[in-house]
Structures are given as structure tokens and as C-alpha cells.
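Numbers restart at 1 for each chain; the letters A, B, ... are given by sequence-line order, proteins then strands. Remember, predicted model here, so these are calculated numbers, not experimental data.
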Number of protein chains: 2
Amino acid sequence: MVQGEIPLTDISLDSTFEKYELKFKAIADKKRLQIMNILTQKGAMCVCDLAPLVDMAQSKLSYHLKILLDANIITKETRGTWSYYELNHKVLNHLLSPELCCLFKPTC
Amino acid sequence: MVQGEIPLTDISLDSTFEKYELKFKAIADKKRLQIMNILTQKGAMCVCDLAPLVDMAQSKLSYHLKILLDANIITKETRGTWSYYELNHKVLNHLLSPELCCLFKPTC
DNA sequence: GCATTAAATCAAAAAAAGTTGATTTAATAG
DNA sequence: CTATTAAATCAACTTTTTTTGATTTAATGC
């Protein structure tokens, strides 16, 4: 492509699509939606307390939490030996319809 | 599990999560988001006209369109030898935030 | 009928995502 | 310092998804 003809709009759309691919991939999983739902009910939780609730081995759960964390769907706060994970409502509200967001609000 | 102790709520949540897994998986892909964006601009399109725009072989494009169609993100109407695909705005509006839906509206 | 075009489908291969059990890192308590 | 617990990471493996090129199905025009 000749200089000066770079389609700036397409490039930014492309990185927009990449951004949402990451986020939608993170929530495009039954188990991760279940994790999100439990975090909705319980607020912040550590891996060791979450594992029995979702019936997952620790390493598997850490793997799924990392995917949600990398997509900014959840946040992490480490206190001592524990890591507490929590839903990132701001990002979810930006992403999902109000109707769907209700799935991730304790009051709905 | 003993009869009568079936957790109805969890079962329905489970099928809810499965439903959204399918839908989010469909849109959790850069190429499919690009297809959706082009359908936003152009309205209904047939495979043969869409293929060069997204720079994809016919079989590959048909594969991705089928995934979007199965998730009800797009609709299909066959006229003669042609199949016209179109965005399903109703489903998208239910799924995505108004902010995000703008990505898939020609007027935004 | 035959040739042409559109699009779906198929099977094999490649790539990506998820699972498993073990190991590592790091904080805490004794 | 040692033992214990929490959680991340790793490597091998399995499963799922995507890609590719070829084939099939079906509609149209001659």
C-alpha cells in the first residue's frame, strides 16, 4: 500500500474488534459465566473458597480466573496469601445490555 | 442426587449460561465482528459479494456465517441461487450495551 | 439436456483453548 | 528455620475450533 493511503479508520476498527474479541471470548464460556454469577452473589472471593463452589481443581480455576482478569471482567486484590477476585461492574455495564447485566447484579 | 432435591434454579441458570456461551462465542471473533460491521454498513449481502470485502474464501466465509446464524446473530434469506445475510438487530440489542450496539448501527 | 454460478458441506490438517497433575513461589504460623 | 497453606505456573495431553481445498447440491440460462 502506498504511503498516505493507510486506512486509519479500518486500523482502529481492527483493534476495536480485537479488544472485543478478547472480552467476548472471556465471557463465552459456561464455567466462566458460572464463576461470574457466584461472584455476583458473594462479592469478593478467594480461589480456595470459590473452588468447591464451582467444583473445580485449583489450577483449573486459576486458569479461568486469569482469562477473566486479562479481559478486565474481574479484578484481583491480594491480601497475604489470599487473592480476592471481584466482578468489574463498570466493564460489564459497558459490554452487556442492561437486561443481561441483571444476571450479574445481586438485586436483579 | 435424591429425587425431589433437583435444584431447579441451578438447572435453568445452567441452560441460560449455555445459551449465552453460544451467543458470545459467535461474536467473540475478530473476523465475525468484521462481517457484522460490514453487514451494518451494507445491509443484506450475499456470500459472493461479502467474500471479497472480508478477503475470505467462500467456504471459510460460509463457515463463519453459519456460526453467526446458529447463534441467531444474523438471519438468512435465500432468493434463487443467492443467500442474503442480514444482522439480527433485535438479538444484538438484547445482548450488547447501547454503547456497543452503536458499532452495529449505520447511524452511529 | 448441459454449462455456469452460488453456496453448503465434507474430510484432513492446523491452530487454539482447556484439562490435568506436579512443581514453584510466597506468605504465615509455630 | 520448618511446616503449612494459597495460588500461580508449567508441561504434557485432550478437546474444540478454524482453515483448506475438493466435492456436492441446487438454481439459472442456453
Given side chains that start at C-beta, do those of [X] and [Y] come closer than 4.5 Å, heavy atoms only?
{"X": "Ile27(B)", "Y": "Leu95(B)", "result": "yes"}
{"X": "Leu13(B)", "Y": "Leu33(A)", "result": "no"}
{"X": "Asp14(B)", "Y": "Lys30(A)", "result": "yes"}
{"X": "Ile35(B)", "Y": "Tyr85(B)", "result": "no"}

What does [X] touch in the nucleic acid at a heavy-atom separation under 4.0 angstrom: a base, only the sugar-phosphate, or nothing?
{"X": "Leu61(B)", "value": "nothing"}
{"X": "Tyr84(A)", "value": "nothing"}
{"X": "Ser59(A)", "value": "base"}

Check every atom of [options] against the side chain of [X] and return the nucleotide holding the closest atom.
{"X": "Tyr63(A)", "options": "dA17(C), dA7(C), dA26(D)", "value": "dA17(C)"}
{"X": "Lys76(A)", "options": "dA8(C), dA8(D), dA6(D)", "value": "dA8(D)"}
{"X": "Ser83(B)", "options": "dT19(D), dG18(C), dA8(C)", "value": "dA8(C)"}

Provide, to the nearest angstrom, the distance between the [atom1] atom belonging to [X] and the [atom2] atom belonging to [N].
{"X": "Ile67(A)", "N": "dA7(D)", "atom1": "CD1", "atom2": "C1'", "value": "16 Å"}
{"X": "Gln58(A)", "N": "dT23(C)", "atom1": "CD", "atom2": "C1'", "value": "11 Å"}
{"X": "Leu69(A)", "N": "dA7(D)", "atom1": "CG", "atom2": "C1'", "value": "13 Å"}

*Going by the side chain to side chain donor-acceptor pair (under 3.5 Å) test, name the single residue among Lys19(A), Lys23(A), Lys25(A) that passes it with Glu21(A).*
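It is Lys25(A); the other options fail the test.
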Should [X] be listed as having a side-chain N or O under 4.0 Å from OP1 or OP2 of [N]?
{"X": "Tyr85(B)", "N": "dA6(C)", "value": "no"}
{"X": "Ser62(A)", "N": "dA8(D)", "value": "yes"}
{"X": "Lys60(A)", "N": "dT20(C)", "value": "yes"}
{"X": "His64(A)", "N": "dT19(C)", "value": "yes"}

*Which ones in residues 21-57 of chain B lie close to DNA chain C, meaning a heavy atom under 4.0 Å from one of its atoms?*
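The stretch gives Cys46(B), Val47(B), Cys48(B) as the residues lying under 4.0 Å from the strand, ordered by number.
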Side-chain atoms of residues 39-54 of chain A: list all donor-acceptor pairs with protein atoms under 3.5 Å, sequence neighbours left out, distances to 0.1 Å.
{"unit_1": "Thr40(A)", "atom_1": "OG1", "unit_2": "Met36(A)", "atom_2": "O", "d": "2.9"}

*Does one hydrophobic cluster hold both Tyr84(B) and Leu87(B), with members joined at side-chain heavy-atom distances below 4.5 Å?*
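No, separate clusters.
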